[in-house]
Number of protein chains: 2
Amino acid sequence: MDRNGTQTRESTGQRIESVLLDDIAAGLLQPGERLDETKLASRFGVSRTPVREALSRLTAQGVLVTGDKRGVRVAQYSREELAQMFEAMQEIESICARLANQRLTLLARSEIESAQDDCRTAAEAADRIAYIRANEALHFAIYRATDNPYIFELASDFRRKTGPFRAKKLETKEDLVASVASHEDLLAKIFSGDSQVAVDGMRKHMTESFMRVLAANS
Amino acid sequence: MDRNGTQTRESTGQRIESVLLDDIAAGLLQPGERLDETKLASRFGVSRTPVREALSRLTAQGVLVTGDKRGVRVAQYSREELAQMFEAMQEIESICARLANQRLTLLARSEIESAQDDCRTAAEAADRIAYIRANEALHFAIYRATDNPYIFELASDFRRKTGPFRAKKLETKEDLVASVASHEDLLAKIFSGDSQVAVDGMRKHMTESFMRVLAANS
DNA sequence: GAATAATACTTTGTATACAAAATCAACCCA
DNA sequence: TGGGTTGATTTTGTATACAAAGTATTATTC
């Protein structure tokens with residue numbers, strides 16, 4: 001019953017949850033879009049029960065919201081909400097920058113630099129999708145460098161929620177190249193000897209990033 | 001069907017979720033304790049379906065974990081994990097302290113002080129449960145004073161997850177009184193003119209608090 | 001008496017069925 | 001024509017039933 005031969009450890013509900021999460025992160029499901037239990041059930045060829053379970057959990061994660069009207073929808077934010085969200089994200093990423101700076105191991109540094117290389121490659125090839133993936137990996141690598149799984153999870157959660165909006169700001173090759181340059185600068189600061197420099201660098205990076213996001217979501 | 005007369009907007013599943021969350025936060029359900037769907041269903045006088053929904057969402061929130069063995073359990077952490085968790089919490093609470101300090105409105109300050117009054121009353125009455133509730137309310141008031149709902153949610157989530165462990169450290173009346181005094185000091189710093197003082201105050205408070213938690217969970 | 005196999009009993013996951021609530025639509029009356 | 005009301009339809013929430021996967025227990029054999 002498992003397509004890759006291994007024993008299926010995850011239930012149908014969990015499978016649906018991760019597929020949906022993927023669809024949302026990739027922008028296949030737009031913010032505000034409504035999700036119909038029955039339609040999803042028939043799409044996955046199951047009953048409503050596991051679908052409901054998946055939707056329920058995604059709602060608990062804040063990826064979906066139970067709208068004031070009917071049905072659950074992909075979370076959607078006003079500019080005001082977006083601003084608050086990015087403020088929170090900026091704070092968290094700043095913490096990550098400081099901790100990463102203070103605790104950086106060679107392995108962590110190598111992972112970060114490797115991700116940055118992937119970003120550069122994707123940007124030069126103007127491959128938007130690959131760039132977004134590499135960019136995510138880079139930030140995850142920084143989170144991981146904090147050596148604190150809870151902070152990692154925290155930061156990752158935010159990144160998931162803001163994913164659809166950040167994606168919008170990276171349209172042209174110039175956007176990608178500019179982003180790489182911004183990261184180059186950021187990493188130098190994180191690798192510096194001064195954690196305050198790292199924090200300030202991350203703050204600056206996030207502010208720049210957010211300005212582009214706001215411009216793209218106006 | 002609603003105790004406060006207003007129309008009941010929440011489903012049975014949501015009701016069960018919040019009751020369970022409350023039980024966990026209050027330490028009524030111990031870390032590691034197993035939750036049986038069928039037993040809960042009969043306890044609440046409902047079928048397994050809404051219970052499963054509640055458990056599923058609580059799992060998504062990280063309050064419960066689906067153990068390697070059978071059934072879901074209240075999340076349980078090693079000392080190492082606890083330390084990492086509190087480190088994350090300290091960082092977040094520090095952010096809250098800074099933002100609350102910078103943005104404090106009269107209303108927010110009044111809410112915080114009112115919660116502190118409740119803490120004092122409960123401590124003097126040596127009412128452990130009431131104290132825990134009031135203490136939670138106090139911290140939530142500080143989170144709310146950041147005027148950022150995402151940071152509020154973030155901090156609240158952590159507080160939920162660490163609830164059962166923090167509960168343990170408050171056994172005797174002396175514990176409660178000491179906690180009130182610690183908060184008194186903290187609030188003075190949050191209400192001060194200097195946000196760095198607020199941050200340092202919160203760091204100190206969290207460190208003290210954590211030390212007691214670690215001692216109680218050893 | 002110990003180890004392994006077989007069986008019974010939990011427990012979990014999914015499906016189906018049904019009831020209640022909300023939305024939509026048509027209709028009627030002013 | 002407009003506002004509201006009633007009826008129909010969709011949608012959500014809950015219950016029950018069933019099947020599959022574990023876990024424990026008993027029995028049997030060496």
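Throughout, a chain's letter reflects where its sequence line sits, starting with A, and its residues are numbered from 1.
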Electrostatic pair Arg52(A):Asp36(A) at N-O distance under 4.0 angstrom: no
Charged N to carboxylate O below 4.0 Å: is that the case for Arg144(B) and Glu111(B)? yes
Nearest whole Å is fine: how far is [N] [atom2] from [X] [atom1]?
X        : N       : atom1 : atom2 : result
Asp36(B) : dG22(D) : CG    : C1'   : 15 Å
Glu53(A) : dT12(D) : CD    : P     : 17 Å
Leu55(B) : dT11(C) : CG    : P     : 14 Å
Lys39(B) : dT12(C) : NZ    : P     : 10 Å
Glu37(B) : dT14(C) : CD    : C1'   : 12 Å
Arg48(A) : dG13(C) : CZ    : P     : 19 Å
Gln14(A) : dG13(C) : CD    : C1'   : 11 Å
Leu64(B) : dT12(C) : CG    : C1'   : 16 Å

For side chain to side chain donor-acceptor pair (under 3.5 Å), just list the numbers for His205(A) and Glu93(A), CA-CA rounded to whole Å, side-chain angles, deciding distance to a tenth of an Å, and then say yes or no. CA-CA 10 Å; His205(A) 175 68; Glu93(A) 299 256 351; over 6 Å; no
Under 4.0 angstrom between [X] side-chain N/O and [N] OP1 or OP2:
X        : N       : answer
Arg52(B) : dG13(C) : yes
Arg34(B) : dT12(C) : yes
Ser47(B) : dA15(D) : yes

How would you label the contact of Thr12(A) with the nucleic acid (heavy atoms, under 4.0 Å): base, sugar-phosphate, or nothing? sugar-phosphate
Go through it in stages, so that I can follow the logic: the residues are Asn148(B) and Glu87(A), the test is side chain to side chain donor-acceptor pair (under 3.5 Å), and I'd like the CA-CA distance, side-chain angles, deciding distance and then a yes or no. CA-CA 8 Å; Asn148(B) 184 316; Glu87(A) 176 180 73; 2.7 Å; yes
Nearest heavy atom decides the nucleotide; on that basis, is Thr49(B) or Leu35(A) closer to the 5' end of DNA chain D? Leu35(A)
